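Everything below concerns the one structure shown next.
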Amino acid sequence: MEKKYTKIILDKIKEYDSIIIMRHTRPDGDAVGSTMGLRQILRLSYPEKKIRLINSDYSDYVAFLENEDKDVSDNIYKKSLGIVIDTGDVKRISNKKYGLCKELIKIDHHIDHSPYGGISWVEEERASACEMIAQFYFDNEKELKIDSFAATAIYTGMITDTGRFKYGVTNSSPFTYAGKLMDLGIDVELLYAYLYAQSFDEMKYKAFVLRNMKITENGVAYVYISRATQKKYGLNHEEASNCVSYMENIKGSLIWLGFIDNEDKTTRVRLRSRFVTVNEIAEKYSGGGHARASGATVHSKEEMNSLIALADETLKQYKKKHKSWI
Ligand SMILES: [Mn+2]
C-alpha cells in the first residue's frame, strides 16, 4: 500500500530538531487555527524539538488563540523543516524567509495552481486545511499528543472556513473530525461567543451596510466601503471586510460583493455566493479563491462597475439554466 501523506510528513518531522510553521498573509481562522493547532500538537509530542510558528502579520479576528513566535536568525532557518499550511501560492506566504528552510512541506486545500515544497499534500476537495491537520493527528494518534487548546484551534478553522459547515462540505469527513475533536474538550459556547459577539460600533456599521447596499437587475447585492466610512466607524481593513457577510441571506441574491477601499487607492473585492461559482469572476480581476468565496482587486470605478456587470451576467445565466435556487 502507498504510504499516506500523514505518515510521510510525520517521518519528515522526526528527522528535524527545528520546525518552522507558516501560513498565508491576512490570515483567516483556518490559517491561524491549522498552524497553531499543529504547533501545539508538535510541542506536546516532541518537547525536545524547537517548534515555532513564524509569520509577518496577524489577525485580530482569532486573537483569542495564542500568540505566534518571534522571528529567528537565518542560520536557524537553514537547519529547519518549514511547514506551510493553507497557502496555495508562495507569493501568499506571510513569512518571506520560507525559502531559507532546508526543506519545505506544503499542506493545503486550495487549487494547486503553483505547486511548491519537497513534500506537497494538497487535497482540493477538503473543506479546510484544519480538517487535514485533524487527519494528520488522528492518523498518527498513537505517536502524537494533543490537548483541548490544539483541538479548539483546529475546530475553529474547520467552522470558520466552512461558514459553520455550510460551504465546501461534500462528505462526512469534516463532521467525523469535528466530532473526534469535540471529545477532546472544546468549550463550544465560549468559542462561538468569541466568533459571534460584536461590539456596539460593529453593529452600527452593519446597519450602515444594510442601508447602503444596492442590488442589480438579476440579484447581485453589493456595497462600497470608502476609506472615509472605515474611518467613521473606526474599522481596520479586516473589520470593514465583514460587510460582505452581512448581505448573505437575501432571497434571490445569489452573489454578493463587498468593495473595500485599500490605503493605496486600490479596492479589495470580497465575492460570496450560494449555488453559483464566483472564482472565475475573481480570477479576471487579479484574484481567485474558492468556488463560493473569492477575493479580487479593482483599480478604478470603471473596473468596479465592470466586475458588477460580469457578476450580474453570470447570475442571469445561472438563473436561466437552473431551477432549484433561492
Ligand atoms: Mn483555508
Side-chain angles (χ1 to χ4, degrees), residues 28-30 88 109-113 123-128 158-175 196 205-226 229 240-261 266-326:
D28 51 16
D30 192 30
H109 70 128
H110 295 91
I111 301 164
D112 206 8
H113 284 315
E123 291 191 39
E124 287 158 21
E125 65 283 5
R126 294 300 190 125
S128 64
M158 291 181 69
I159 62 175
T160 54
D161 239 33
T162 60
R164 322 299 180 254
F165 302 113
K166 219 191 294 174
Y167 310 114
V169 177
T170 53
N171 54 43
S172 61
S173 172
F175 298 106
Y196 280 114
Y205 173 57
K206 196 173 188 170
F208 170 89
V209 171
L210 298 181
R211 251 195 339 265
N212 288 280
M213 63 184 182
K214 294 186 172 69
I215 196 154
T216 64
E217 197 186 330
N218 296 292
V220 176
Y222 62 95
V223 71
Y224 168 67
I225 308 298
S226 67
T229 303
S241 299
N242 289 338
C243 63
V244 72
S245 65
Y246 304 152
M247 299 180 283
E248 79 171 333
N249 287 313
I250 305 166
K251 274 186 186 169
S253 172
L254 314 187
I255 299 177
W256 50 104
L257 313 168
F259 293 89
I260 306 103
D261 271 355
T266 61
T267 302
R268 184 75 185 151
V269 191
R270 302 274 163 145
L271 303 91
R272 299 289 182 274
S273 63
R274 55 179 176 271
F275 311 120
V276 202
T277 297
V278 288
N279 57 323
E280 284 105 345
I281 302 172
E283 279 160 22
K284 291 203 172 82
Y285 293 87
S286 0
H290 300 288
R292 289 166 186 56
S294 284
T297 301
V298 292
H299 303 82
S300 63
K301 279 266 142 47
E302 292 71 40
E303 230 186 337
M304 181 172 137
N305 290 332
S306 84
L307 192 155
I308 294 167
L310 176 61
D312 187 62
E313 184 57 30
T314 304
L315 189 47
K316 183 180 176 184
Q317 296 307 328
Y318 183 89
K319 286 183 171 179
K320 238 191 229 169
K321 289 184 200 129
H322 300 80
K323 275 205 176 95
S324 57
W325 50 264
I326 298 164

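No experiment lies behind these values; they were computed from the predicted model shown.
Side-chain atoms of N279 never come within 3.5 Å of backbone atoms of S294 as a donor-acceptor pair (strictly under, hydrogens ignored). The main-chain N or O of G219 is found under 3.5 Å from a side-chain atom of S253 such that the two form a donor-acceptor pair. Judged by distance alone, the side chain of R270 and the main-chain N or O of N242 form no donor-acceptor pair under 3.5 Å. Remark: side-chain polar atoms of K316 are not paired, donor with acceptor, to backbone N or O of E217 under 3.5 angstrom.
In this structure, T297 OG1 and I260 CD1 are separated by 10.0 Å, a value rounded to the nearest 0.5 Å. For the atom pair CD of E303 and CG of L307, the computed distance is 8.0 Å after rounding to the nearest 0.5 Å. One finds the OH atom of Y167 at 9.5 Å from the CZ atom of R292 (value rounded to the nearest 0.5 Å). Rounding to the nearest 0.5 Å gives a distance of 4.0 Å between CD1 of I250 and CE of M213. In this structure, OH in Y205 is found 4.0 Å from SG in C243, a value given to the nearest 0.5 Å. Put simply, CD1 on I215 and CG on D312 are 9.5 Å apart, with the number rounded to the nearest 0.5 Å.
Looking at S306 and Y285, their side chains come closer than 4.5 Å, going by heavy atoms from C-beta outward. Contact check for V209 versus I225: side-chain heavy atoms found under the 4.5 Å cut-off. In this structure, E280 and T314 have side chains that are not in contact, with every pair of non-hydrogen atoms separated by 4.5 Å or more. H322 has its side chain out of reach of V276: every pair of non-hydrogen atoms, C-beta onward, lies at least 4.5 Å apart. In this structure the side chain of P174 never reaches within 4.5 angstrom of the side chain of T162, judged on heavy atoms. Side chains of K319 and F275 form no contact here, defined as non-hydrogen atoms less than 4.5 Å apart. Side-chain atoms of L271 and I255, non-hydrogen and from C-beta on, never get closer than 4.5 Å to each other. In this structure, the side chains of V223 and Y246 stay at 4.5 Å or more apart for every pair of heavy atoms.
Smallest separation of non-hydrogen atoms from R126 and S173: NH1-OG, 3.7 Å. Between A291 and S273 the shortest heavy-atom distance is O-OG, 4.0 Å. When all heavy atoms of S286 and H299 are compared, the closest pair comes out as OG-CE1, 4.0 Å.
A cation-pi arrangement is present between K301 and Y224, with the terminal nitrogen or guanidinium carbon under 6.0 Å from the aromatic centre and inside a 45° cone about the axis.
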Could you check V169 against F175 for side-chain contact (heavy atoms from CB on, under 4.5 Å), going step by step and ending with a plain yes or no? CA-CA 9 Å; V169 177; F175 298 106; 3.4 Å; yes
May I have the step-by-step check of side-chain contact (heavy atoms from CB on, under 4.5 Å) for I308 and K214, ending in yes or no? CA-CA 11 Å; I308 294 167; K214 294 186 172 69; over 6 Å; no
Going through the checks in order, is the side chain to side chain donor-acceptor pair (under 3.5 Å) test met by D161 and H290? CA-CA 10 Å; D161 239 33; H290 300 288; 4.6 Å; no
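Among V244, T216, V220, the one residue that satisfies the side chain to side chain contact (heavy atoms under 4.5 Å, CB included) test with L257 is V220.
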